Amino acid sequence: MMGLFAGLGRRTIDSFGRLGRGTMFLLRALAGMPGLLLRPGLVMQQLYAIGVLSLLIIMVSGTFVGMVLALQGYNTLVTFGAEQSLGVLVALSLLRELGPVVTALLFGGRAGSALTAEIGLMKTTEQLSSMEMMAVDPMRRIIAPRLLAGFLAMPLLAAIFSFLGIMGAHVVSTAALGVDDGAFWSQMQAAVDFREDVMNGVIKSLVFGFVASWIAVYEGYDAVPTSEGVSRATTRTVVHTSLAVLGLDFVLTAVMFG
Amino acid sequence: MNGTSGDILVDVRGLCFSRGERVIFDGVDLQIRRGQVSAIMGPSGTGKTTLLRLIGGQLRPDAGTVHVEGRDVHAMSHRELYALRRRMGMLFQSGALFTHQSVFENVAFPLREHADLPEPVLRDLVLMKLEAVGLRGARDMMPGELSGGMARRVALARAVVLDPMMILYDEPFAGQDPISMGTLVSLIRLMNDTLSLSSVIVSHDVVETSQIADEVFVLSEGRVVESGSPAELAQSESAWVQQFFNALPDGPVPFHYPAPSLGDDLLGPRP
Amino acid sequence: MQKQRIMEIWVGVFVAAGFAALFGLAMQVSNIPAFQTADGYQVHMRFDNIGGLRVRAPVTMAGVRVGRVSDIRLDHDSFEAVVTVTIEQRFDRIPEDSDARIYTSGLLGEQYVAINPGGGVEWYLSDGDELFQTQGALVLERLIGRFLTSMGED
């Protein structure tokens, strides 16, 4: 029994320690950001690795999520004779919630885990250490560009996700479900507000992008330098990103739309 | 070989360092002279790599000081430390090449980071350094395609590309076949003399290190137990140094890890 | 260097696609606040009850949207609701004696303001004018109450 409490206490203290180290790490990485203005190429490389390489999965998932939303929404709305509002339902769900959240979850699984594994392996093979000994600060050279690229890529990915989702829903609604094309768009345009819905979604994905890339680079940098350590760190990235995104989503939704 | 104090490049005094409960250094004193090949030797697990990291300022000692060129490494600001590191090369045991870049780009990396050179100049410089380690022809290969010995030679070319004053070698001979080992032994000596460097080698390979070292420090239980030229050490009276240099399985360093007697273990009560 | 170039192109494609998607969401999906305050004129109207009318609800004439509700407040003296609507500039020939009513689209839909043109006045509405002929929202409870009292009188 005492052992249980002792274990619980140790875990709590450990997680506080981790959070503290993570914050220190973040501050050091942010201090390296201004230097990036002189080296845009570094950010470019990471935008490729994080953004471009995630495009396919984001595009495919976005389209399918939109199509499923249309099918499911139609079944519910048609019982109230309100199937003309299908566009509204799909657009609001995607812009406010599914776009930012699902993109962030996919980002954690696709780009975040890759970032953690890459940095973790660089640490394991002493590449980070050797960089330090070559008088190149890994915080500036490795961490800062990845953090910035993740932050920039996420809102763009989320916008692509939502846009393709709405397009997918439009195809399903008009071609398969017989919803009127004009009603689909006009009802949507009447109900969706640019600032309230589109911009709030963008703000959400900026926050998610920041947190998800922070978790990914930190877990890699903090990984125990063994192959087992890197694999654990990669798992932690996916788990922590998912939890953080869902938790933050609740808070942000309460603030924005509550 | 007795130089004046002006010849001392690295001065380590009263260095103590521990990891958790384990004491790794307990008052290490050693002086490394400019222009020499100095070797720090000792069995595995005596913290030789840790010593290099302490000299490079990557770790902080619990007590004691490390002076490089008369300046305390651990009292330097971030900027000063990085300025010092530009003039230090370090060869990691694994080579620590950047796996996503070609051999050429690996060697070019420090130049690209620190010097804003026109591409043709940079190319010539890199090719010259690669030529020195005999790998000019391998410039387009990726680190994954290299053998261990070749990777270490590329890392050596990268370590000297900024023309440092000192190179730290971490176990340069470990796990090499005899030919690569011979190549590396002569390269280290050659680099030291032609580029007028100072070299610090951390190793447990007695034969190879003895061939090139001017001075050897033997570490045991967190202290320097003996120092001198390889010839002097071979004649040492210390039983410990004799055991180490002649590779005897048992001696002051026991074959058995501390344990209760075998009889007690086998016949005693079972858990 | 060739690799570098291909990478740059791809990043360019990615960023362009991202911004195009954002632009598409702004133009095609949402009602970007283009004419809310910029090129429109404001007209005030007073209602005894606005029901469930909300800011940004549509303002229509003959079913065509001509503007939006931009502000709703309460007059502290008369206890009437003062609704300010912004009407698009191109609808600048609305007679001054028009009347405004609050309707509900469908049985459970959103409430909106309908303007019915008056007859034959040469004066048209302009910024800051007020419409005096108004009819507030029909509140279901009040209708039922009125129906019940009229039943009792019989």
Side-chain angles (χ1 to χ4, degrees), chain A residues 40-41 43-55 58-59 62 80-82 84-85 87-88 90-92 94-95 99 103 149 152-167 169-170 184-199 201-202 205, chain C residues 1-38 52-60 63-70 85-86 88 103-114:
Chain A
V43 185
M44 181 83 74
Q45 273 175 13
Q46 294 313 315
L47 271 178
Y48 181 80
I50 293 171
V52 175
L53 296 184
S54 306
L55 260 182
I58 292 292
M59 286 163 65
F80 302 106
Q84 307 295 324
S85 304
V88 180
V90 170
L92 286 184
L94 279 171
L95 289 171
T103 306
L152 295 177
M154 185 77 91
L156 298 177
L157 288 173
I160 293 171
F161 184 97
S162 298
F163 184 77
L164 287 177
I166 291 170
M167 288 304 161
H170 176 248
F184 184 88
W185 290 119
S186 67
Q187 294 244 350
M188 189 190 290
Q189 282 162 5
V192 177
D193 183 66
F194 180 73
R195 210 176 27 189
E196 187 89 340
D197 300 314
V198 180
M199 284 325 277
V202 171
S205 51
Chain C
M1 286 304 109
Q2 194 58 30
K3 233 170 74 186
Q4 176 85 11
R5 176 128 184 79
I6 292 169
M7 199 184 73
E8 279 170 6
I9 292 170
W10 268 110
V11 172
V13 169
F14 165 58
V15 173
F19 278 104
L22 260 180
F23 184 75
L25 290 176
M27 301 314 292
Q28 176 74 346
V29 174
S30 72
N31 48 46
I32 193 160
F35 57 82
Q36 255 183 0
T37 48
L53 190 73
R54 286 163 62 178
V55 173
R56 286 207 326 278
V59 177
T60 64
V64 179
R65 196 176 72 199
V66 296
R68 287 187 173 275
V69 173
S70 50
V85 304
T86 305
E88 276 183 72
Y103 286 137
T104 307
S105 60
L107 193 57
L108 298 166
E110 225 190 357
Q111 285 182 305
Y112 64 98
V113 177

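For the numbers below, each heavy atom of this structure counts, side chains included, while hydrogens, waters and symmetry mates do not. Everything numeric in this text was worked out from a predicted model, so none of it was measured. Naming: A, B, ... by sequence-line order, numbering from 1 per chain.
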Please state whether the side chain, the backbone, both or neither of [X] comes within less than 4.5 Å of a heavy atom of chain C.
| X | result |
| --- | --- |
| Leu55(A) | side chain |
| Ala153(A) | both |
| Val88(A) | neither |
| Leu95(A) | side chain |

Flag the one option from [options] with the top tally of heavy-atom pairs under 4.5 Å to chain C.
| options | value |
| --- | --- |
| Leu157(A), Leu164(A), Leu94(A) | Leu157(A) |
| Met199(A), Met44(A), Glu196(A) | Met44(A) |
| Val202(A), Val52(A), Leu47(A) | Val52(A) |

Closest non-hydrogen atoms of Leu156(A) and Phe14(C), given as atom of the first, atom of the second and distance, are CB-CZ, 4.0 Å
Give me the atom names and distance for the closest heavy-atom approach of Phe163(A) to Gly24(C). CE1-CA, 3.8 Å
Name all residues meeting the side chain to side chain donor-acceptor pair (under 3.5 Å) criterion together with Trp185(A); count only those two or more places apart in sequence or in a different chain, and write none if there are none. His170(A)
Val15(C) portion near chain A, given a 4.5 angstrom heavy-atom threshold: both
CD1 of Ile9(C) to OH of Tyr48(A), rounded to nearest 0.5 Å, is 11.0 Å
Measure the shortest side-chain to side-chain distance between Leu25(C) and Ile166(A) over non-hydrogen atoms and say whether it is less than 4.5 angstrom. yes
Scored by heavy-atom pairs under 4.5 Å with chain A, the best of Ala17(C), Gly12(C), Gly18(C) is Gly18(C)
